2 protein chains.
Amino acid sequence: MQALFENISQINTMRYSPDHKVGARARLIEATGALVKKNGFAATGVDGLMAAAGLTSGAFYSHFRSKSELLEAIIENELKRSIELFSDKTREQAVAAIKGYLSPAHVAHPESGCAVPSLAPEIARASESTQYIFEQGVLELKDQIRKLVRDDAKAWSIVVQLVGAVMVARGLPSEQTRKALLKGVAQQVKQILEEGSGPS
Amino acid sequence: MQALFENISQINTMRYSPDHKVGARARLIEATGALVKKNGFAATGVDGLMAAAGLTSGAFYSHFRSKSELLEAIIENELKRSIELFSDKTREQAVAAIKGYLSPAHVAHPESGCAVPSLAPEIARASESTQYIFEQGVLELKDQIRKLVRDDAKAWSIVVQLVGAVMVARGLPSEQTRKALLKGVAQQVKQILEEGSGPS
DNA sequence: GTCTATAGTAAGATAGAC
DNA sequence: GTCTATCTTACTATAGAC
């Protein structure tokens, strides 16, 4: 299973020449990623996806064999960015990233936020290879949080609180309720972080 | 805002004569609810929805003015059932319900499970009236959990851990990872429950 | 690589027979 | 209320010109 991951990564990496920093495909993945996080994958047509990148739908299939292949690429790209939010950071920076994740701004702007609260149910219905990529990303995210709490259970708890809080808050029309939820969850997450901050 | 809720509830209640316990509309909401939780709302057509109830698509609009009105009815119905899982229960029963929520069986069977981990992102993109119904349901769910922990922040934390854990676990192809996540979250939720179990 | 055009299918919704 | 048939639009995907 781990070997499969490595193969997928290799294929994706070697599809482009090393000196092309950001190709057309990468730009497509960026532009469509924002749209898909905002409006959902199933609800967005290929026409709309390509329009977001300033192109027409005919060009889509020069870059992806199918729409579902795009979802896979989006998940890979988006998860990488979410992971970077928590990696190679001081403890203070990581705690600030958690605070930002649980902010009203993140709730209000799915297009520039983490893909998990926007797309997780659609990932659960996607191909197995898409789910493998998702799993690798989630495990890496958990491991980054684990560095802060040095405990797997606590790390998992924080990960699901972050994504659960943002996902639920986005369905709440009342700002008051949204803020109460975010504040409550932030308080509990902070407590877990403090429990785990004994001597290194 | 509260008045709006009452009006919506009244309309829905008074649409049918009081002696009809379960009408055709209610059966439709049940049957389509399971399908929508499994496959997603946007991804499921009216044809498929009605086929799940043994009918054809033409009959759909005798019961709902639009597809989005159905989503609203499904959310209302499904949230009611999720709330009942935690209401009018002894402490032991409620704790057992939490354990069941975080079970592999719940992760494996979205069609018979809670609607929130299946549909929350689609609710976030739905009409404001659908979101009001969602908010009322989520608040009631939180208040049921609050009875166990007597603290709003802790109740919110548990709610988002439950829905976040199931939602993320459903995207993980490895049973090992799924179980580790569920076990870790269950452990942390249990700890919150024990913190809040002082003298009444 | 990107375009226009189009094939083929499925979508949401309506009309009228029964 | 439910059916079949249909309208209109949108969908995923492909073909061929540039």
Side-chain angles (χ1 to χ4, degrees), chain A residues 12 14-17 19-33 35-75 119 121-123 125-127 129-130, chain B residues 12 14-17 19-33 35-75 119 121-123 125-127 129-130:
Chain A
N12 281 339
M14 297 176 75
R15 198 171 286 155
Y16 316 100
S17 60
D19 40 312
H20 274 191
K21 284 173 192 172
V22 180
R25 185 182 150 110
R27 277 192 300 272
L28 266 177
I29 293 168
E30 275 295 317
T32 57
L35 191 65
V36 163
K37 284 188 290 180
K38 192 183 173 204
N39 297 335
F41 181 70
T44 310
V46 174
D47 256 357
L49 289 167
M50 294 303 279
L55 299 176
T56 57
S57 68
F60 179 83
Y61 296 91
S62 301
H63 299 280
F64 305 97
R65 273 172 302 179
S66 67
K67 200 191 167 193
S68 64
E69 189 182 291
L70 171 65
L71 178 61
E72 199 163 305
I74 288 173
I75 299 303
L119 303 177
E122 298 199 274
I123 295 166
R125 297 167 196 130
S127 70
S129 67
T130 301
Chain B
N12 280 339
M14 299 176 75
R15 198 170 285 156
Y16 316 101
S17 59
D19 41 313
H20 274 191
K21 283 175 193 169
V22 179
R25 184 182 152 110
R27 278 192 297 271
L28 266 178
I29 294 168
E30 275 294 318
T32 58
L35 191 65
V36 163
K37 285 188 290 180
K38 191 183 173 204
N39 297 336
F41 180 69
T44 311
V46 174
D47 256 357
L49 289 168
M50 295 303 280
L55 300 176
T56 57
S57 67
F60 179 83
Y61 296 92
S62 301
H63 298 280
F64 306 97
R65 273 172 301 182
S66 67
K67 199 192 168 194
S68 63
E69 191 182 290
L70 170 66
L71 178 60
E72 200 163 303
I74 288 174
I75 300 304
L119 302 177
E122 298 199 273
I123 295 166
R125 298 168 195 128
S127 70
S129 67
T130 301

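Labels below follow one simple rule: chain letters A, B, ... track the order of the sequence lines, proteins then strands, and each chain is numbered from 1. Any value given below was found using the heavy atoms of this structure, including those in side chains, with hydrogens, waters and symmetry copies removed. As the structure is a prediction and not an experimental result, all values here were calculated from the model.
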- Message: Can you measure A:F64 atom CZ to D:dT14 atom P for me and round it to whole angstrom units?
- Response: 15 Å

- Could you check B:D47 against B:F60 for side-chain contact (heavy atoms from CB on, under 4.5 Å), going step by step and ending with a plain yes or no? CA-CA 9 Å; B:D47 256 357; B:F60 179 83; over 6 Å; no

- Message: For a 4.5 angstrom cut-off between non-hydrogen side-chain atoms, does A:H63 reach A:I29?
- Response: no

- Task: Verify the distance criterion only: is there a donor paired with an acceptor across the side chains of B:T44 and B:N39 at less than 3.5 Å?
- Result: no

- Message: Against the six-membered ring of B:F41, is B:K67 placed for a cation-pi contact (under 6.0 Å from the centre, within 45° of the normal)?
- Response: yes

Quick one: which protein N/O atoms are closer than 3.5 Å to N/O atoms of nucleotides 1-5 of chain C? Pair and distance per line, please.
unit_1	atom_1	unit_2	atom_2	d
C:dT2	OP2	A:H63	NE2	2.6
C:dC3	OP2	A:T56	N	2.6
C:dC3	OP2	A:T56	OG1	2.8
C:dC3	O5'	A:T56	OG1	3.2

- Message: What's A:S68 touching, base or sugar-phosphate or nothing? Going by heavy atoms closer than 4.0 Å.
- Response: nothing

- Message: Can you see if the side chain of B:Y61 gets near the phosphate of C:dT14 - specifically, an N or O under 4.0 Å from OP1 or OP2?
- Response: no

- Message: Rounded to whole Å, please give me the gap between CG in A:L49 and C1' in D:dC11.
- Response: 12 Å

- Query: What integer distance in Å separates A:F60:CZ from D:dA15:C1'?
  - Reply: 18 Å

- Donor-acceptor pair, side chain of A:E122 and main chain of A:G40, under 3.5 angstrom: no

- Item | A:S127 side chain reached by A:S68 side chain, heavy atoms, under 4.5 Å | no

- Item | A:D47 CG - C:dA11 P separation (whole Å) | 18 Å

